[in-house]
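What follows is a set of notes on a single structure, which appears directly below.
Protein chains get the first letters and strands the later ones, always in sequence-line order, with residue 1 at the start of each. Computation of the quantities below employed the complete heavy-atom set of this structure, encompassing side-chain atoms and omitting hydrogens, waters and symmetry-equivalent molecules.
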Amino acid sequence: QDKLFVYVSPDVIGVNAFLKMGQTGTEAAAAKFGAEAKTFESSNAASRKENVEAAINEGASIIVMAGFEFNDIVTELAPAVPDTQFLIVDQCIENRPDNVHCAVFREHEATYLIGVAAGMLTKSNKVGVVSALDIPFLHRYTDGYAAGAKAQNPAVAVDIRWVGGENPFADPVRAKEQALAASAAGSDVIFTATSGGDFGVFEAAKEADFKAFAVDVNLCPEDPEHMVSGTLKRVDNAILQAVEGIEAGEKQLMLSLGLKEKGMSIIGLEDEGLAESKCLIASMPDVLAQVREVAAQIEDGSLTVEDPMFAK
Amino acid sequence: MQVDLSGVTVRFGTLTAVDNVSLHFSPGEIHAVVGENGAGKSTVMNVLFGLIKPAVGTIAIDGAEMQWRNPQDAIARGLGMVHQHFMLQDSMSVLENIVLCSEPVSNLGFVKFNTARARLREIAETYGIGVNPEKRIADLSVTERQIVEILKVLYRDAALLILDEPTAVLTPQEAASLFQILRNFRASGKSIALITHKLDEVMEIADRVSVMRAGKLISTKPIGETSKAEIARGIIGGELPASLTRATQAVGEVVLAVDGLQARGVGKTVGPVSFDVRRGEIVGIAGISGNGQTQIIEALVGLRATTGGQASLLGHTLRGLDVGARRALGMSYIPADRQRVGLALEAKVSENAAIGREGTKAFRNWLFIKRAAMTSFARELIESYHIKVAGPNARTSSMSGGNKQKLIVGRELSRGTPLIIAENPTWGVDIGAIDFIHRELIRMRDAGHAILLVSTELDEVLALSDRILVLYENQIAGEFAAADADRLAIGELMTSRSKVVQVA
Amino acid sequence: MDIDFRNQLLPCVSVFAWIFGILLVLMFVANAHFGEAISGFLNGAFGGRNLAYLLTTLSRATLIVGMALAVMISFRAGLFNIGGEGQLVIGGLAAALVGVYMPGPGWLVMATGIVAAMAAGGLWAVLAGVMQLYVGVPLLIGSLLLNYPARYLGSYLVGHPFRDVASGLPQTHLVPNEAWLPLFSGTRLDMGILFIALMSVLAVIYCNSTVPGYRARMNGLAPEFARASGLPVKRIVLQSLLMSGAIAGLVGALAVFGLHHRFTDGMLVQPLYAWTGIIAVLLVGMVPWAVPISGFFFAAIQTGAAGMERTADVPKEIGLIMQAVIILFVAGRISGVSLAGKSGENDNGH
Amino acid sequence: MGIDLVLDPAFLQSVPRFLTPILLAALGGAICERAGVFNIALEGFILVGAFCAVLGSYFMGSEWWGAVAAMAGGVGMGLLFAEFSLRRKGDAIVVSIALNLFAAGLTVYLLRTIFGVSGAFRDSGIKGFSGIDIPLLRDIPVLGPLLNGQSILFYFAVFAALALQLFFARHRLGLRLRAAGENPAGLSAGGVDPQRVQLWALVLCGALCGLAGAQLSIANVNLFVENMSAGRGWIAVVAVLLTRGRPLYVLFIAVLFGFVDSLSFRIQGFGLPQQFTDVMPYLATLIALIVLSAWHKSKTA
Ligand SMILES: Nc1ncnc2c1ncn2[C@@H]1O[C@H](COP(=O)(O)OP(=O)(O)OP(=O)(O)O)[C@@H](O)[C@H]1O
Ligand SMILES: Nc1ncnc2c1ncn2[C@@H]1O[C@H](COP(=O)(O)OP(=O)(O)OP(=O)(O)O)[C@@H](O)[C@H]1O
Ligand SMILES: [Mg+2]
Ligand SMILES: [Mg+2]
C-alpha cells in the first residue's frame, strides 16, 4: 500500500466523541480509496506541529486535521509541499494554497435548537450551560444555546460556566462541580459541551436531578432519565465527502455544513432512530414540533442564527 | 557480668580505625580508655555496643560469644552506652526520650507512660539521680541532658555502662558529681567503660586504664601500676610538646569595643555584654556551650541581628554593616563549625582559600577570576601552615579535620586584620594541630593583633588568654586576669546556679 | 584496579540493566514488537527524510536546553527555583505582545521582544527571591506557586484583551513575518538554536571563570560558609535568579519568534519544557558543559518516543517514564549540591 | 452574596469534596515531614492512587477493592521513594520530581495499554463510594449539609487527622517517627534503624495519598482522567510546610483550601473571567504562605 491518509488529532482522543468521529471518518475514507490510515494523537501545541511534520515526512497523501489548532501549522507548512493534501475540519484559513481544504460546521444552528428546547422545558426560567474553556469557538455552543433559549422564552436567564483548570477538555471532576453549582444556582436544564467532561455533568444530573443536553453524538443511553436530546455533528460524513472531492482533484475545497446540509442536527429532528435513541425528547411532542419548526426556518433561510464566534 | 572484646579490627575504606584490639570489663570496676583524637576509642565502643560490625573479632559475655545484629541486641544483654554526642530529641520531654526505643506498650502499640514514670521514680530512689520527666530537653542544661542520657541507660537496666567522654561538656564541679554517681554504680556491681581525654580524671576514678594509639591497643594496666606521665607518653607515642610560652607584653589601643550588646538567643535575649579587646592581647571567653557564646560571636561578625547596645571596631561603629563590610574594616573570623561554616567541603582547596579575596585586584580581572592566582595562593597557605593535602586542586572534603582547621586558620590569619575572632579553634583536632594553632594565635598576639577567643575547653582558654571572661546564662559572670585565673573559681562561675546533680 | 572496577563499573552496569529491564517490561505491557519499537525510536529521534526528525529533536532540544541552563544557574547557586515554567510563560507573553504590537522593522521588533521577555522572566524569578529573602517563603514553594498566576495571567490576557478573535483560539495575533526567526535554508529548523548555543557557552564561562559565578557556586555548596565569609549573599540570590529567569524568558521568546509565531494559551506549559529542563540538569549533576548534551538527550527521548508511538503503537508516555526512571537511578549518584537539605532554609539576616 | 452562599446547602456539600483529597494527602505528607522525609511527590502519589482505585474498582467490582488498590498503589510509590531516596541515597527533591513525572507517565501509559483509551476512562463497571446519610446530622443547620451525605473517605480523613494527633503523641511508632525526623542518630543509638522508621512513614503516606486519589476517582466522580490530581498534591505540600506536619493544623488548612476551592466554582456564576476563579486556590495558598512565613519570621528572626 503506497497511499497513506493520516489523521492528526489536536488533543488525546480519549472519550472525546468529536475527535473519535474524525478518526472513524478518516478510516472510512481510507478504506474507500484503498489507502492506509494512521492516527497521530497530539497533546500540545508543539506536538501538533511535530505530528503534522511527521505526517508529511511519512509521505501522507491526505492529512486530516480536526480543529482550529492547526491553522498556523497548515499556513506554514502547506505551501512547501504542494503534493500533500491538507483537510482541516471545523475551521478554515485565509489565502489558502490549492492543497488546503476545509470542512466547517455551523454548530450554532444546532445549539440554537437545543436552546429552544431548553427554553420550553425550564420551569425556573433559568437554564445553564457548561463548556470547557472560554474560547471563541465554544461560544458557538454557549451563545447559540443562549440565543435559542431567549428567543423561545424571553424571561429565561442563561448561566454560562466554564470548566477551566489544568485540562479543561477532559476534566469531568470540575465539569461536575460546575454543573452542580449551576443547578444550585437555579438552573433546571443544563447543556454540556465539555468534551471529556460531559460524564461529570451526567453524574451531576443524576445527583441534582436536572434535565441535560449533550453534543456531537447520542449520549442519551448514558442517562435516559435526564437526557433530553443533543446535537449531532456528522464529522465522519464531512470527512468522507471532502476526501471524495479531493480525490476527484478539486482544489481549495470548502464545505460548510449546517442543518440544511445535514452536517449538523439534533436528536429528534429526524424521526429515524428517534425511538431507539432513549432520549426524553421522543416523548415530548410539543418540544419536537417547535424544534422542527424552528429548524425549518433556519434551513429555508427565513431565520439566520448569528455566528457567535466572530461576535464581540 | 564479664565482658570481653577480643581481636577486634574495624576498617573504614582503606583506613584501619581499630586494629586487633582486645579489652576486658569486670563487674565493680571502672575501666578507662584513653587516646588521641581519632585513635579509635569511639569505634571500639561502637563495636561493643553493636553499632558497627567489626571486620574481625568477637564479643563475649561471661564467656559466651555474642553476635549483635544491632544495638537492641546489646541492650537486651545488659549493655548501655552514653555517646560522645547527645543522642536526645530536643523537642521531646525527658520521659519520651527515656522510653524511646524501649517503650512499654499496650496491645495497640500505645506507650504506657505511667509505667515508665513509676520505673523512673524507682531509679531516682535507687541511685539518687533524677530530672523532672515532663520537661523538654530543649529547656535543660547540658548537665541535665547528660543525666538524661545516663537515666536512659539505667532505665534499660544496663550492667555494663559505656561512657564516651561524658565530662567533655561539664565543669570540674559537675564532673565531680558525675564521678560520685559512677562510684555508686561501681559499688552496686556494675561495670563501667569510661572514655576520656582528661588524665586527671583517669587517675582520680579509674581502676584500670587502656591506652590506644592509631587504632592499636598500646597497654592495659591497673591504675596503681602506671603513672600520668606514662599514660601520656603512651597516648602520643613520644614526649609531650614543649608547653606554650607566652611573654607578657604591654597592650595597645582598643580594637574592639562592645557596649551593652544584646542579641536574640534561644528563647531569651543574650546580653547585655560589655567588654573590649586591645592590640596585643588575647581575651578568652570561657563558658559551657549554650551560654550565649555563639550569639555574641555571630552578632559581632554580622551573622545575627542585634537587639540592643553596640560594638565598634577601631572606632567605627559596626551597626548596619554586613559581614563583608565588617571583614573589610579589619576583622577575621575562625568559626567553630568548620564543616559547614568554615569551608565548602565540595569545593577545591584553592576555592576555599581564596574566599573573601575574590573581589581584590590580585584575584580578579574585570569580571573574570584569576584561577592561577587562586592556585598559587592556596599553595602558599599549604606550605606556610603545613597543611597536609594532595594539592590546591584537591577536594576539601578529602582533608582530615586538623588539616581543614589549619586551612581556615591560615586563610583567616594571613589576612592580617587588627581583630581576629576565633571560636573553638581546636575543637576535635589532634594534639599536633592544636599545638600549631595555639602557637599561631600567640604569634599574632605578639605581633600586635587583638584576638577574641571563645572556647568551651577551659584549659585552652587558660593556656592562651591574657584576660578571661566567663559567660553564664547569657551574661558575663566574671572577669579574670591571666595571672589570677583559677580553674576552680572559673568552674564555679561557669555553673553558678546549676546544681541539679543530687548525690545520695 | 579491582576495587575501582567494583565501585565504579558494576553499579553502572546494574543501573543500565535495570533501566533496560524496565523498558522491556513497559513494551511487553504495550504488546509491542521490540525491534520495530527500537527502530521507530531511533528513526523518530534522529532519522526521517533529510533527517527531518533529527531537526525536530534539535528544535525541541533548543527549548529544553534553554530551560536547563536557566535552572542550572539557580541550582548551582543553591537556589531551588522550580518556577521556570512561570518565568517561561511570562517571557513568552512579553515577547508575543511586543512582537504583535510594536511597530518598526522586523529585526528591531524581535530584538526588543527578546529583551522584554528576558526582563519579564527575570523579574518574575526575582519575585520568588524577594519572597524568600524578605518574607521567609521557601524558594522551592514560592517559585512553584508563582507558576500558577503566570499561567492564568497569560491565559487571561490572550483569552480576553489581546485575543486574536478570528483564530478561534485563546491566542494572540501572529507576529509579523519580518520578525520571525529565520530558518536554516532548506530545513524547518529556526535559528533559535544559535541563541541557545551562545547561551551555553556563556553559561560555562560564567560558571567556571567569573567572579559572580564563583560566588554563586560557593553559596550553592555551603550557604552558611558564603555568609560567614562575607559574600554578598542577598545580591547573589537576586542576581542568580534574575539571570535564571532571564534565560527562561529568552526561551519563551524563542518559542514565540521561532516556533509558534504567537502566544497560544498552554503552548509553553503542556510540553513540560521546564520540568524536562530540571531533570536534564539533575542528570548531569549541574556540570555546565554537560547540560546541553543532557538536554539534547532528553529531547531525543521525547521525539523518539513519539516515533515509537507512530510506528509500533507504544504510547509515547514511555518517554516520560524512561526519563523519570533514569533520574531515579542516577539520583543517588548526583553530587554537588544537596537540594533537600537547603530547601527549608530561612535567611536570618537583619 | 455572602451569607446566602454560606448557607446554600449545595455549596456546603461541595466543600468536603474539595477538602478530602487535600486533607488525606497532606496528612500523609505530614507523617513524612515529621519523620524527616522531604516528600514533595504527593502529586504523583495521588495520581497513582486515583488510577489504582479505578483499576481495583473496575476489575474487582467493588469500591472497597478500589480503595484497597488505591492504597496499594500509593504504598507502591512510597516503597519506590524509599528505595531511591533511603536505600540508594538519592536527594529527596530529585526523587520527588522524578516520581511525579513517573506517575504522570505511567498512569497515562497504563490507561492506554490496559484500557485502550486515552484522556479518560469511564465505564459503568467502575463502582464508586456514594454519600452516607446520617439521620441525626442531617437536620442540624449549616453543619448538617456540610457534614452529612459525604463519602466514607471524608469521615475517615477527619478521623485520621484526629487519630494522627494521638498517634504522634502516644504511639510507639509515632514517637519513633518524630525521633527519625529530629535526631535519627538517637534512634540508631537505641537500636532502631531510622530508615526503617522512615520507610514506615512512606508506607503510611502512600496509603493516605492513595485514598486521596480514590476520593478523586471513585468518590467525587467515577472515572479516571489523565493528570487527575491537577496540582492538589502541591497544595497538600504547602499545607504540610505551613503546619510543619501538625495534624490538627493540617485539618484546619485543608478546610480553608476546600472552602476557597469550592468558592471559586461558585464565583464563576457572578461573571468573573474563568482564569480569575481558577487561580484563586493557588493565590490563597500563596497568600497564606506569605502571611504565615512573615509571621513566623517576625517571631524568630
Ligand atoms: N564512619 C566512619 N567512616 C570513616 N571513618 C571513620 C568513621 N568513623 C570514624 N572514622 C575514623 O576512624 C578513626 C577512629 O575514630 P574514632 O571516632 O573511633 O576516634 P576516637 O578515638 O573516638 O576520637 P575522638 O577522641 O575524636 O572521639 C578516625 O580516623 C575517624 O576519622
Ligand atoms: N562517613 C565517612 N566516610 C568516609 N570517610 C569519613 C567519614 N567520616 C569521616 N571520614 C574521614 O575520616 C577523617 C576524619 O573525619 P571526622 O568526621 O572524624 O572529622 P573530624 O572530627 O573533623 O576530624 P579528625 O577526627 O580527623 O580530627 C576524614 O579524613 C574524613 O574524610
Ligand atoms: Mg574525630
Ligand atoms: Mg570518640
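For B/A354, the parts lying near chain C are the backbone and the side chain together; criterion is any non-hydrogen pair under 4.5 Å.
A salt bridge does not link B/E346 to C/R217: none of the charged side-chain nitrogens sits closer than 4.0 Å to a carboxylate oxygen.
Between the CZ atom of B/R379 and the CE atom of B/M374 there is a distance of 13.0 Å, given to the nearest 0.5 Å. Considering CZ of B/R264 and OG1 of B/T269, their distance stands at 7.0 Å, rounded to 0.5 Å. Considering CG of B/L303 and CD of B/E298, their distance stands at 5.5 Å, rounded to 0.5 Å. Taking NZ from C/K234 and CG from C/N219, the interatomic distance works out to 13.0 Å, rounded to the nearest 0.5 Å.
Ring orientation note: the planes of B/F377 and B/F363 are nearly perpendicular, at an angle over 60° on the 30°/60° scale.
For the residue pair C/G295 and C/V65, the shortest heavy atom distance occurs at CA-CG2, 3.8 Å.
Residues of residues 327-336 of chain B lying under 4.5 angstrom from chain C, judged on non-hydrogen atoms, are B/R327, B/Y333 in numerical order.
Considering only heavy-atom pairs separated by less than 4.5 Å from chain C, the leading option among B/G324, B/A347, B/A344 is B/A344.
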